[in-house]
Every structure is written in structure tokens, then in C-alpha cells.
Number of protein chains: 2
Amino acid sequence: MARAQTLSRNQQIVLDIIEKAKGPLKAYSILFNVQKKGIKAPQQIYRALDKLIGMGKIHKIESKNAFVACRSSDCEISKATAFSICESCEMVDEISDTKLSKYLSGFNHKKGMKFKRFNLEFFGICKKCKKD
Amino acid sequence: MARAQTLSRNQQIVLDIIEKAKGPLKAYSILFNVQKKGIKAPQQIYRALDKLIGMGKIHKIESKNAFVACRSSDCEISKATAFSICESCEMVDEISDTKLSKYLSGFNHKKGMKFKRFNLEFFGICKKCKKD
DNA sequence: ATAACGTCTGTTATAATATAACATATTTGA
DNA sequence: TCAAATATGTTATATTATAACAGACGTTAT
């Protein structure tokens with residue numbers, strides 16, 4: 001049985017940084033930010049990231065190779081993720097839309113494949129950037 | 001105005017390889033495959049890939065950093081992509097489902113952001129792999 | 001308690017993915 | 001035909017991610 005609640009030292013450090021950030025963080029940017037805390041190597045970051053993703057604490061934005069904190073308390077969300085991404089300022093917003101999530105979770109491939117998980121990324125220009 | 005129909009030499013070479021492949025191809029695997037045709041550097045591959053993506057001839061599978069040929073004649077599809085990915089055999093299938101596409105194209109963010117494009121990736125185990 | 005196990009850590013090295021920058025050639029269109 | 005846009009070739013380098021090995025730390029079953 002995996003430990004569901006407690007985070008290891010490195011996991012906590014990495015999660016803290018990601019949660020404090022305003023936007024998505026890249027692995028090496030996390031690394032530079034935690035070097036004062038004694039973490040020195042990419043491996044340490046990637047290991048923590050993997051575990052945090054597994055726990056649903058963070059998500060990877062695949063199109064950006066960057067990581068954001070999950071702001072939904074629902075654990076299931078890590079099997080059903082959707083994001084809104086601004087192509088101008090790089091802002092990422094997690095979309096929690098029950099209808100959307102249900103619609104996609106119920107979607108089945110014509111060829112009979114049963115889906116366990118999906119990731120959806122929307123792109124556009126956010127309100128803020130449109131004004132400029 | 002961009003040339004919509006004609007492909008340059010390198011673009012054609014890269015597209016040919018991707019179209020012939022059974023599954024998604026990675027950039028460096030494409031490179032190794034076309035070295036006999038005189039293409040020597042990653043740049044040449046990535047440049048061709050970028051253009052082909054822009055034309056909607058191929059798509060990038062973000063979660064795999066790999067590329068597949070578009071098998072839909074509809075150009076619009078490059079602004080609305082959906083894929084089915086087997087986590088066991090790595091097979092990727094492009095999903096062309098009008099309802100799904102319409103549903104997602106019509107989806108609007110609560111915060112007023114207008115989406116121009118989306119990419120959806122479903123994960124599971126394909127029929128073939130389930131048998132094994 | 002202690003041995004066995006699973007998990008986490010630290011570390012060095014290297015693989016895999018992608019872009020920068022510069023020089024030149026080719027195509028296209030006004 | 002000349003300017004602009006697009007494509008090419010090339011070298012170097014940046015960025016992202018994993019392999020492989022060694023050791024530490026906590027649980028828990030005996």
C-alpha cells in the first residue's frame with residue numbers, strides 16, 4: 001500500500017515551489033530554485049515530480065513540459081485533466097468542469113478501446129493579453 | 001500568402017517517412033531514417049516538422065514527443081486534434097468524431113477566454129494488447 | 001531486536017529532445 | 001528584375017529526461 005498522505009522531504013520541497021508559483025514551472029527552473037535547499041541533481045527533481053503526479057498533487061502540461069499544482073481536491077482529476085493555455089503570456093488554468101469531465105470520461109473509442117485517462121489542452125489568447 | 005499545396009524537398013522527405021510509418025515517429029528516428037537522403041542535422045528535421053504541422057499534414061503527440069501523419073482531409077482538424085494512445089504498445093490512433101470535435105470547439109472557458117485550438121489525448125490499453 | 005522489504009536519497013554520467021545563430025541558395029511575386 | 005519570403009546547410013549549444021549505482025531510512029513480520 002502506497003503512503004497516500006505524507007510527502008517525503010524532497011517531494012514537499014518541490015510541491016511547495018510549484019504551489020507558490022503563479023504559472024507552470026519547468027523541471028530545471030525548479031532545480032535552480034531549490035539548490036539552496038540542498039537539492040543538486042535533476043534526478044531528484046524528476047523523481048519528486050513523478051511521485052507528485054502519481055498522487056495527483058501536480059499535473060504536467062505536456063505541450064509545455066511544465067508542471068502546475070492541482071487546485072482541485074478531487075483525486076480523480078488526475079485521470080481527467082483539462083487546461084486552458086494562453087499562447088501569449090503562457091498562463092495556464094486548470095479547467096474543472098463537471099459536464100466536460102463526464103462527457104469525456106464517458107467517451108469511448110469506436111475501435112473498442114476503453115480509456116483510463118485523458119488530457120485536454122485548450123489554446124487561445126487570454127483576456128489580459130487581448131487588451132494589450 | 002503561404003504556399004498551401006507544394007512541399008519543399010525536405011518537407012516531402014520527412015512527410016513520406018511519417019506517412020509510411022505504422023506508428024508515431026520521433027524526430028531523431030526520422031533523422032536516422034533520412035540520412036541516406038542527404039539530411040544531416042536535427043534542424044532540418046525540426047524545420048520540416050514545424051512547417052508540416054502548420055499545414056496540418058502531421059500532428060505532434062505531445063505526451064510522446066512524436067509525430068503522426070494526419071489522415072483526415074479536413075484541414076481544420078489541426079486546430080482540433082484528438083488521439084487514442086495505447087499505454088502498452090504505444091499505438092496512436094487519430095480520433096475523428098464530429099460530435100466530439102463540435103462539442104470541444106464550442107466549449108468556452110468560464111473566464112471568458114476564447115479558444116482557437118485544442119489537443120486531446122486519451123490513454124488506455126488497446127484491444128490487441130488486452131488479449132496478450 | 002533484527003532481518004527483509006519498500007521507498008527515498010544522493011551522485012555521476014549520459015541520452016534524448018530541441019533551438020540559436022549564421023551563411024547561402026532558391027522561389028515567388030510585384 | 002529586384003526585393004522579399006522561404007528553404008537549405010551547418011556548427012554549436014540549450015533544454016529536457018533517464019540510467020545506473022550506492023547507501024540511508026523507516027516499517028513490519030518473525
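Labels below follow one simple rule: chain letters A, B, ... track the order of the sequence lines, proteins then strands, and each chain is numbered from 1.
B/Arg47 comes within contact range of at least one nucleobase, with a heavy-atom separation under 4.0 Å. In this structure, A/Lys64 reaches neither bases nor backbone, as no heavy-atom distance under 4.0 Å exists between it and the strands shown.
Here the nucleotide nearest the side chain of B/Asn65, chosen from C/dA18, D/dA19, C/dG10, is C/dA18. Which of D/dA7, D/dT16, C/dT11 sits closest to the side chain of B/Ser8 comes down to D/dA7. Side-chain proximity of A/Tyr28 to the nucleotides C/dC8, D/dT16, D/dA7 is greatest for D/dT16. Taking the side chain of B/Ala41 as heavy atoms from C-beta on, and the options C/dC8, C/dA18, D/dT11, the nearest nucleotide is D/dT11.
Side chains of B/Ser63 and B/Glu121: a donor-acceptor N/O pair is present below 3.5 angstrom, by distance only.
Phosphate contact (OP1/OP2 of C/dA18, side-chain N/O of B/Tyr46, threshold under 4.0 Å): present. The side chain of A/Lys26 contributes no N or O atom lying less than 4.0 Å from OP1 or OP2 of D/dA14. Contact check, B/Gln44 against D/dG9: a side-chain N or O comes under 4.0 Å of OP1 or OP2. Contact annotation: A/Lys40 side-chain N/O to C/dT11 OP1/OP2 distance is under 4.0 Å. For the pair A/Arg9 and C/dG10, the criterion of a side-chain N or O lying under 4.0 Å from OP1 or OP2 is met.
The distance between atom CD1 of A/Ile39 and atom P of C/dG10, rounded to the nearest whole Å, is 7 Å. Taking atom CD of A/Glu62 as the reference point, atom C1' of D/dA17 lies 13 Å away to the nearest angstrom. Atom CG in A/Leu25 sits roughly 13 Å away from atom P in D/dA17 (whole-Å rounding).
Residues B/Glu87 and A/Lys116 form a side-chain contact, since some pair of their non-hydrogen atoms from C-beta on lies under 4.5 Å apart.
In terms of heavy-atom proximity, A/Glu19 sits nearest to A/Ala69 at CG-CB, 3.7 Å.
The base of C/dA18 is not paired with the side chain of B/Gln43 by any donor and acceptor separated by under 3.5 Å.
By the 30° and 60° cut-offs, the orientation of the rings of A/Phe122 relative to B/Phe115 is parallel.
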Under the salt bridge (Lys or Arg N to Asp or Glu O under 4.0 Å) rule, what do B/Lys64 and A/Glu62 come out as? Steps first, then yes or no, please.
CA-CA 9 Å; B/Lys64 299 172 76 68; A/Glu62 295 287 357; over 6 Å; no
